[in-house]
Amino acid sequence: MGETVVPVERRTDVDVDMPGTCPWARQPTVAVMGAHTLQTFGPVQAWASLRTELSNRLDGDTLAALDDAVAFATERHGDQTRPAGEPYLEHLLETVAVLTNGAAMTDTDLLVAAVLHDVVEDTDTELDEVRERFGTRVTTLVAWVTKPNPEPGHDPATARARYLARLSEAPDDAIYLKLADRLSNVQRLDTHPRPAKRASYYRETVTRILPLADRHPWFAAWYANWRQTFAHLNDAARS
């Protein structure tokens with residue numbers, strides 16, 4: 001992929017309106033929902049547990065890089081929590097778990113970026129800090145999945161739509177990162193406390209994210225199953 005970092009502005013708010021999901025355990029679980037079964041990822045509550053599992057598949061240098069990324073993310077996200085109240089780090093670790101245990105990916109920079117993917121968007125961290133500590137490629141990946149602040153005169157919905165449209169131009173590894181991030185957010189979509197948000201997030205995922213999943217067979221299959229599993233949300237929105 002190219003080494004040009006996509007410029008972004010740091011957001012001043014923390015967009016954590018999706019329900020918290022339990023992080024990854026020793027094996028992925030299979031949720032049975034109506035006539036469908038859906039592979040889900042969770043739970044684990046500490047990096048040490050996930051690290052032990054990954055030590056059978058990742059080399060020492062990759063694990064050390066992840067140690068550094070987890071320490072950095074833990075410091076920067078601080079006491080941020082997901083809507084269900086769990087530490088924000090759990091979502092980041094779950095994104096790593098999706099890539100490793102689901103999509104069978106072991107790319108060091110991609111996994112480090114998975115840990116850091118919200119650090120610019122949701123904290124005071126700048127892209128330059130990420131570049132200095134983790135390198136250009138990790139920074140490029142983080143930049144691709146970072147939603148910018150709305151431009152002057154534009155509402156947040158417009159900025160979000162432009163961000164999602166721009167993803168179609170992203171390189172494959174950035175797409176894999178976004179797919180893993182969104183998977184973590186939508187795998188238990190029925191847990192969101194606001195029905196209207198469940199329906200709108202379902203429609204957005206079907207419209208904007210599912211076409212990107214075609215770039216990788218595992219993600220394509222998972223999202224196709226997810227679409228059927230949660231189709232009732234689309235039906236509910238129309239009623």
Side-chain angles (χ1 to χ4, degrees), residues 1-18 62 65-78 80 88-89 91-100 103 105-152 154-186 204-205 208-216 219:
M1 60 175 284
E3 294 296 338
T4 302
V5 176
V6 178
V8 297
E9 299 178 42
R10 186 180 69 253
R11 296 177 65 208
T12 55
D13 64 318
V14 178
D15 182 9
V16 291
D17 57 358
M18 288 309 302
T62 299
L66 286 169
D67 288 338
D68 192 23
V70 169
F72 186 84
T74 299
E75 175 192 356
R76 295 308 172 96
H77 284 283
Q80 287 180 0
Y88 201 86
L89 182 65
H91 163 62
L92 309 178
L93 296 180
E94 185 170 296
T95 304
V96 174
V98 171
L99 290 168
T100 54
M105 295 180 178
T106 59
D107 180 329
T108 301
D109 287 342
L110 178 58
L111 299 181
V112 168
V115 176
L116 302 175
H117 75 268
D118 280 333
V119 76
V120 174
E121 182 174 317
D122 291 339
T123 80
D124 291 332
T125 304
E126 302 286 352
L127 281 173
D128 285 344
E129 296 178 75
V130 177
R131 184 184 301 106
E132 180 179 353
R133 184 157 175 175
F134 300 99
T136 299
R137 183 168 175 245
V138 169
T139 306
T140 300
L141 291 170
V142 171
W144 270 112
V145 300
T146 298
K147 291 188 289 292
N149 282 322
E151 297 177 2
H154 292 86
D155 62 88
T158 299
R160 183 180 183 90
R162 288 180 175 176
Y163 155 76
L164 291 169
R166 180 174 63 87
L167 286 174
S168 65
E169 304 171 3
D172 286 348
D173 48 2
I175 293 299
Y176 302 154
L177 175 56
K178 182 60 185 180
L179 291 170
D181 172 30
R182 180 60 67 101
L183 190 160
S184 171
N185 283 331
V186 301
E204 179 186 88
T205 302
R208 298 290 192 178
I209 303 300
L210 263 68
L212 303 177
D214 288 340
R215 297 202 198 181
H216 189 278
F219 280 115

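All values below come from the heavy atoms of this structure, side chains included, with hydrogens, waters and symmetry mates left out. Numbers here are sequence positions counted from 1.
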Specify the closest pair of heavy atoms between [X] and [Y], including all atoms of both residues, with the distance to one decimal.
X	Y	value
Leu92	Ala73	CD1-CB, 4.0 Å
Val138	Val130	CG1-CG1, 4.2 Å
Pro150	Ala159	CA-CB, 3.7 Å
Ala114	Thr95	CB-CG2, 3.9 Å
Arg215	Ala170	NH1-O, 2.6 Å

statement: Quick note, salt bridge (charged side-chain N to carboxylate O under 4.0 Å, His left out) partners involving residues 105-117, not counting sequence neighbours, are Asp107-Arg137, Asp109-Arg137
Stepwise side-chain contact (heavy atoms from CB on, under 4.5 Å) test for Phe219 and Val98: CA-CA 10 Å; Phe219 280 115; Val98 171; 3.9 Å; yes
If the condition is side-chain hydrogen bond (donor to acceptor under 3.5 Å, both in side chains), which residues does [X] pass it with, not counting sequence neighbours?
X	value
His77	Gln80
Thr106	none
Thr108	Thr62

How far does [atom1] of [X] sit from [atom2] of [Y], to the nearest 0.5 angstrom?
X	Y	atom1	atom2	answer
Ile175	Glu169	CD1	CD	10.0 Å
Leu127	Thr136	CG	OG1	11.0 Å
Thr125	Glu75	OG1	CD	8.0 Å
Tyr88	Thr74	OH	OG1	13.0 Å
Asp118	Thr146	CG	OG1	7.5 Å
Met105	Thr100	CE	OG1	10.5 Å

task: Answer yes or no: is there a side-chain heavy-atom contact under 4.5 Å between Arg182 and Glu204?
output: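 A side-chain contact exists here, since the closest heavy-atom pair is under 4.5 Å.
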Within-4.5 Å side-chain heavy-atom neighbours: Lys178 and Trp144: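 The answer is no, as the side chains (C-beta and beyond) never meet within the 4.5 Å cut-off.
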- line: Asp214 meets the salt bridge (Lys or Arg N to Asp or Glu O under 4.0 Å) criterion, sequence neighbours left out, with none
query: What residues form a salt bridge (Lys or Arg N to Asp or Glu O under 4.0 Å) with Arg76, not counting sequence neighbours?
result: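 Only Glu129 meet the salt bridge (Lys or Arg N to Asp or Glu O under 4.0 Å) criterion with Arg76.
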message: Could you go through Leu177 and His117, starting from their C-alpha distance and side-chain angles, then the distance that decides it, and tell me whether this counts as side-chain contact (heavy atoms from CB on, under 4.5 Å)?
response: CA-CA 8 Å; Leu177 175 56; His117 75 268; 4.2 Å; yes
task: Can you spot which of Asp67, Leu116, Val115, Val112 makes a side-chain contact (heavy atoms from CB on, under 4.5 Å) with Phe72?
output: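 By the side-chain contact (heavy atoms from CB on, under 4.5 Å) criterion, Phe72 pairs with just one of Asp67, Leu116, Val115, Val112: Leu116.
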task: Begin with the C-alpha distance, continue with both residues' side-chain angles, and end with the deciding distance and a verdict on salt bridge (Lys or Arg N to Asp or Glu O under 4.0 Å) for Glu126 and Arg131.
output: CA-CA 9 Å; Glu126 302 286 352; Arg131 184 184 301 106; over 6 Å; no
task: Determine, step by step, whether Val145 and Tyr163 satisfy the side-chain contact (heavy atoms from CB on, under 4.5 Å) criterion, reporting the C-alpha distance in whole Å, the side-chain angles of both residues, the deciding distance to 0.1 Å, and the verdict.
output: CA-CA 8 Å; Val145 300; Tyr163 155 76; 4.2 Å; yes
message: Whether the side chain of Ser168 engages the backbone of Ala165 through a donor-acceptor N/O pair (distance < 3.5 Å, no angle test) should be reported.
response: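 Indeed, once roles are kept as given, a pair shorter than 3.5 Å links the two residues.
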- prompt: Yes or no on side chain to side chain donor-acceptor pair (under 3.5 Å) for Asp181 and His91, after CA distance, side-chain angles and deciding distance?
  reply: CA-CA 8 Å; Asp181 172 30; His91 163 62; 3.0 Å; yes
